[in-house]
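This report refers to the structure that appears directly beneath it.
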Amino acid sequence: MADVQKKLIVVLGATGNQGGAVARRFLQDPQYAVRGLTRNVSSPAAQALRELGAEVVAAELDDVESLKKAFKGANLIFSVTQYWEPFFRPDCRAKAEELGITCRKYAYDVEVQQGKNIADAAATVVDTLVDNGFLVSTLSSARKCSKGKFQDLYHFDSKADVFPDYVVPKYPELAAKMSCIHTGFFTTSYNILPDSYFAKQSDGSFQMRFPCNPDKLVPQLDVNRDTGNFVYAVSQMPPGKAYMAGEYLSFRDWAAAWGRVTGATIEYKEVTIDEMVAETPDKACGLEVALMYSYSSDPGYDGGMELLTAEDIQKAGIDCPITTVEESLAKQDFSKFFSK
């Protein structure tokens, strides 16, 4: 059981990228006890968290009662939801086909419901949460921020439609204790889109190909190294604010940084949405991400919102280290792209 003398933070997705980073960071502070939630408490990642001192509890995002039980006694909650897991799962794709909707819309429906379940459960423990005790990972509303231009950028709206748009009107007391943490492009996203990040050319050089303005500044996040530090820093800020985690850098400069790290020759080329879809083996994935890159040009990945950054947190006197893109890339192994 959690030490009652400590503040208890309950971390969803504790064996995943964001949740795992958050759990590990709070475990470094003896003021906190960490309860990590996961579906599989027997996984190696769950065992590793236990060895670090976390309490690991089984909970299902589809089961609001399991969340209510897991949240009991929480002083802080870190929430993260998952679009891509139901998006890629074969059984979910079969279910989407059965329902006569796209797998993109199906994953949206799943993530929205899971987000609502988290909010509904969190509202039952609002009295035990500290003033800034509901820390939620989210993204901008593409539909609203683009003034209707992007109607189906589902993995953005599936987060924003709950955090904050569901929470604020339904649970004002919970909303008053909420901080919205937007996360930038992961610096490891090339693992999902290798042909768009590093398209090998006939002369041995590489080309990065996205439907995004080459000079538009977009946030880039080392999710495993920086999410924990960022959320920990946000927890020390006043509630009710919105943030962007990551370094703002254009994709042209991202490519240049990769070239310096690897010694490879690479150029950035802006392509159309249709071209990116055609070049992505999974067409549904290609469309979802191509819309994201286009949205990142205008109005911007952050939707044109005024979001606080690590620099703003540091100005408030709170330590908030952030890894630059080049530092992140320098710590990664890209040898597989040179062995083809």
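Computed from a prediction, not measured in an experiment: that's the story for all the values here.
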Please confirm whether the ring centroid of Y293 lies under 6.0 Å from the ring centroid of F185.
yes

Is it the case that the side chains of D109 and Q113 hold a donor-acceptor pair, with the cut-off being a distance below 3.5 Å and no angle test?
no

Geometric class of the Y301/F156 ring pair [parallel <30°, tilted 30-60°, perpendicular >60°]
perpendicular

Give a yes or no on whether E173 atom CD has more than 12 heavy-atom contacts from other residues, nucleotides or ligands under 6.0 Å away.
no

Distance-only polar pair, side chains of D29 and Y232, donor-acceptor under 3.5 Å
yes

Starting from the C-alpha separation in whole Å, work towards a yes-or-no answer on side chain to side chain donor-acceptor pair (under 3.5 Å) for Y166 and D120.
CA-CA 10 Å; Y166 174 77; D120 292 347; 2.7 Å; yes

What class does the angle between the rings of F334 and W258 fall in, given that below 30° is parallel, 30 to 60° is tilted and above 60° is perpendicular?
perpendicular

Other ILVMFWY residues reachable from L99 by side-chain steps of under 4.5 Å
I101, Y106, V110

Just grab all the side chain to side chain donor-acceptor pair (under 3.5 Å) pairs involving residues 13-26, residues at least two apart or on different chains.
T15-T38, Q18-S137, R25-N229

Quick check on ring pair (Phe, Tyr, Trp, His ring centres under 6.0 Å): which of F210, F206, F186 does Y197 satisfy it with?
F210

Taking atom types as modelled, is there a side-chain donor on T309 or D312 under 3.5 Å from an acceptor on the other?
yes

Enclosure of Q28 CD (heavy-atom neighbours >12, cutoff 6.0 Å):
yes

Got S79 and I118 here, is their nearest side-chain heavy-atom distance under 4.5 Å?
yes

Inter-residue atom distance E111.CD - K159.NZ, 0.5 Å rounding:
3.5 Å

Do E65 and K69 sit within salt-bridge range, that is, some charged N less than 4.0 Å from a carboxylate O?
no

Atom CD of E311 with >12 non-hydrogen neighbours under 6.0 angstrom:
no

Does R50, at its CZ atom, have more than 12 non-hydrogen atoms belonging to other residues, nucleotides or ligands within less than 6.0 Å?
yes

F230 ring centre to R225 NZ or CZ under 6.0 Å, with the angle to the axis within 45°?
no

Looking only at side-chain N and O atoms, does E267 offer a donor or acceptor that is under 3.5 Å from a partner on Q207?
yes

Please name the pair of heavy atoms, one in P238 and one in S179, separated by the smallest distance, quoted to 0.1 Å.
O-OG, 4.1 Å

Are S43 and Q47 linked by a side-chain donor-acceptor pair shorter than 3.5 Å?
no

